[in-house]
Amino acid sequence: MIISSPTVPGSGHITGAFVNKDRSILAVASAFPLLTNPPARAAYAGHKLRHRLSLHRPDQQVPFAWFDNVRLPINWVSFHPREPVVAIATGTYDGGWMFEGELLLWNWTENSWREPVSQIPEVVWVNFDPEGATLDLIVRPWDEEWGGDPNGQEDDAFTRFYGANTIADWNVARSEFVLDPAARLGDDKLKILFAADESKKDAHKSVAAWLKVPKLIERSAIWDLSWLGDDKIASVSNECLLQIDDLTGTKLSYVEGDGYGAAIVSSEPPLIHVAQRRIRSDSEVSSRLLAIQDGALVELGTYAGSYSFTGSSNGTVLGRLVRHHRGSASSDLLIDVATGVGVPINLGHYDCFNHFVGIDGAPANYFLQATPPDGHERKRLCRLDAHGNVESLWPVLDQDGSQASHAMECYGCFLDDSAGAGIVLAGKHYDPNPSAPIIGFIYRKSLNADRELWRHPTTAASSAIVYVESLGIIAAAFLDGTLRLIDAITGAVRAAGRVTIGAQPTVIFSLSANGYALAIGTMDGRVAVLEPGPLLASDATVGRIELA
C-alpha cells in the first residue's frame, strides 16, 4: 500500500523532458541518489539503479514503459522517426581526467537495448536523421588533454565539443567510435547545444504541463521513517524536517525550516537529526536534534560538528563525530535526552564508510571501533552504557589477515527473543578492485554466549534492517533492490525478492516495524506499508515483492 508518492511515480530527481515528433510520448529522465544520509554515512556497494528514463502518454502520471540500464547521467534523448526506439546520450566528467560516456538504443516495445559503439566519450546531444539510419552526435573530448587548441594556446577542455555521427541500425554489430580533432565545433555551431541546455532547465515545467498538474511535486529519497503508534508514519527527506502521514495517505504534519531531516533517532520522544543544506565554511558545521512532540518539533540541542546519531532506551543518544568534517568539535558525544546536554567522549576514529553501524533503539548504544581505535581496520563491535563505560564485544569479521577480513558499509539492529539478546549485522568484505563483484554478509550473534546463530552471503550493502517481534523475523533491505525476510532464530529465509511498486523496480532506503507491518521508505521518494504475513504464508523465497 502506497502512503505517499511524488507526482511522477518512480522518478528520482527529474533532469530532462523530451517529446516525440507527434507529441504522443513524453520521455522523462531522472536520477536517483546514493545512500549518503545521515551525512556521516556512505553506502554504495551493489547500488546499480542510478538513472531512469520513463515514457508517458498525455495526461498519464504512471509511465507505460521505463528503462533502468543507464549507468551515467542522461543528457539527451531522441526518438526514432518510425520505430519504438529512442537514442539515449549519457555521460559525465569523472572528476579527475576523462569524460566518460555511453550511447544507448532502447526499444521500449521489446524492452531490449544495445550500444551502437563500443566506447565513447560523454555524449551531450543526439539526434536521429530523418530516415532513422544514423545518429548525429555532439560529444566532449576523450579527456582533459585530448584535442586542444590547434594554435597551441591555453584551452579549457570543458569548452571543447565535437560533432560526430554513427550508424543507428539495430542489427549492425557495435563499431569502434572514432573522434576527429578537426570536428571541433565553433561557437556558431553550438547554438543547438545552448538551446538544449535551456530546454533542460525547463524540464519540471514541461512535465507539469504535459501531465496537466498545477505543480510538480518532487520528493527526494526517504532517508528515514518511523511508526508513530499503529496509524501514523513519520518520514524525513531533503524537502522537509518532518512529514507525518496516516494510513489513508493524508498528510497530518509537514514541518519546514533550516536544514533537512537526515534521520529519525529512536528514543523517547523520537528525535529528528537535522543536517545542513549548505555549509559555507568548515567552522560552521553543526548537527541539530529536534524532538517530535504532538506532531511538532521541539529543540533538544545544536552540536558543533557532523555526527552520526543513534539512540537507546536508556535515555541517551550517542553521537559519533566525523573526523574529517568536525568543524570546531573535537570528540564524540553522549547526550542526555532529558536535558540535551552532550558529554564529550572519545571512542576513536570515525569515517562514513568504516564506522557507521546504525544500531538504534537498543538498551545500550553500540558502535564500531578499530584496532587501534585511531584507525579503521580490525573493527570490533562495542557497547556503551549510559555512564560512558565501553565494553568490547567481538570482531566484526574473523581476522585471518586477508583483505576480506576488513568490513565496510555495515548496518545492524538489536533483538531479544527466545534465543536471547543478540545483534544482526550486515556489511561487505573489502576488495581493492572496484570492478570486483560485491561479496557481503549478514549474520546474527548472541550477546550473552558469544555464539553465531546464522549467517548468509550477500551481493550488496544493506540499507536498512529491522526486527519484527510479533512475526519473529528480520527484515533486511539491500542496495541491489532486494528485501529478505529472515527467521530471527533459525536464519531461514522465509521470503525474498526484488522490490517493485507497480512493477517498477525500486530500492528501499529505510524500514520501520510495528506489531504487524513494515513502513518502507524508498530512494524515489515513496512511503509504503507492507504486511509481511501473506509473504511468509506463501513461502515466497524467490520472486518479486510488490509494494503496491
Side-chain angles (χ1 to χ4, degrees), residues 36-42 223-224 226 234 236-238 240-242 255-293 296-362 364-369 373-374 382-390:
T36 56
N37 269 279
R41 180 187 188 187
W223 299 124
D224 205 356
S226 178
V236 294
S237 64
N238 286 353
C240 64
L241 302 181
L242 169 69
V255 184
E256 295 179 295
D258 293 335
Y260 67 94
I264 302 177
V265 181
S266 296
S267 70
E268 185 55 47
L271 304 175
I272 301 297
H273 173 186
V274 177
Q276 294 165 286
R277 295 185 186 277
R278 295 178 182 84
I279 301 173
R280 289 174 293 184
S281 67
D282 196 55
S283 63
E284 296 182 355
V285 177
S286 65
S287 303
R288 295 167 64 204
L289 289 176
L290 306 176
I292 304 177
Q293 294 183 353
L297 294 177
V298 178
E299 189 85 25
L300 181 70
T302 299
Y303 311 92
S306 180
Y307 285 92
S308 164
F309 293 111
T310 50
S312 68
S313 58
N314 66 17
T316 63
V317 167
L318 172 62
R320 295 299 313 276
L321 177 65
V322 182
R323 296 304 197 261
H324 69 276
H325 208 38
R326 65 174 67 195
S328 60
S330 59
S331 67
D332 303 316
L333 291 175
L334 185 59
I335 301 169
D336 185 331
V337 175
T339 64
V341 174
V343 177
I345 183 171
N346 187 4
L347 302 178
H349 178 72
Y350 180 98
D351 77 54
C352 54
F353 286 101
N354 282 288
H355 300 92
F356 182 88
V357 68
I359 299 173
D360 192 36
N365 288 295
Y366 290 85
F367 65 96
L368 297 183
Q369 187 179 73
D374 61 354
C382 300
R383 179 164 51 196
L384 180 74
D385 69 16
H387 305 290
N389 300 309
V390 175

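Hydrogens, waters and symmetry mates are skipped; everything else that's a heavy atom, side chains included, is used. Along the sequence shown, residues are numbered consecutively beginning with 1.
Residue pairs satisfying the salt bridge (charged side-chain N to carboxylate O under 4.0 Å, His left out) criterion with at least one member in residues 297-309, sequence neighbours excluded, are listed as follows: R288-E299. Residue pairs meeting the side-chain hydrogen bond (donor to acceptor under 3.5 Å, both in side chains) criterion with at least one member in residues 353-362, sequence neighbours excluded: S266-D360, D351-N354, N354-K379, N354-H406.
Q276 has its side chain out of reach of P39: every pair of non-hydrogen atoms, C-beta onward, lies at least 4.5 Å apart. Looking at I292 and L297, their side chains come closer than 4.5 Å, going by heavy atoms from C-beta outward. Using a 4.5 Å cut-off on side-chain heavy atoms (C-beta onward), F309 and L289 make contact. At a threshold of 4.5 Å between non-hydrogen side-chain atoms, the residues L384 and F367 count as touching. Using a 4.5 Å heavy-atom cutoff, the side chains of W223 and N238 are in contact. At least one side-chain heavy atom of L318 sits less than 4.5 Å from a side-chain heavy atom of L347.
A side chain to side chain donor-acceptor pair (under 3.5 Å) with T316 holds for exactly one of T310, D336, D385, N365; it is N365. When L242, T302, D258, L241 are each tested for a side-chain contact (heavy atoms from CB on, under 4.5 Å) with V274, only one passes: L241.
With values rounded to the nearest 0.5 angstrom, L334 atom CG is found 8.0 Å from S312 atom OG. One distance of note links OH of Y366 with SG of C382; it measures 11.0 Å at 0.5 Å rounding. Here the CG atom belonging to L333 is positioned 9.5 Å from the CD1 atom belonging to I345, to the nearest 0.5 angstrom. For the atom pair OH of Y307 and OG of S287, the computed distance is 7.5 Å after rounding to the nearest 0.5 Å.
Closest approach of P269 and Q293 over heavy atoms only: CG-NE2, 4.0 Å. Nearest heavy-atom pair, A364 versus N314, reported as atom, atom and distance to 0.1 Å: CA-ND2, 3.9 Å. Scanning both residues, H273 and V265, for their nearest heavy atoms gives CB-CG2, 4.5 Å. When every heavy atom of A262 is checked against every heavy atom of V236, the shortest pair comes out as C-CG2, 4.1 Å. Between Y303 and G342, the closest heavy-atom pair is CE2-N, 4.4 Å. Across S308 and Y350, no two heavy atoms sit closer than the pair CB-OH, 3.3 Å.
Looking only at distances, no side-chain donor or acceptor of E268 sits under 3.5 Å from a matching main-chain atom of S313. The closest donor-acceptor contact from the side chain of S331 to the backbone of P344 lies at 3.5 Å or more, if one exists at all. Looking at R41, its side chain never comes within 3.5 Å of a backbone N or O of C352 through a donor-acceptor pair.
For CG of N389, the number of neighbouring non-hydrogen atoms (other residues, nucleotides, ligands) closer than 6.0 Å is greater than 12.
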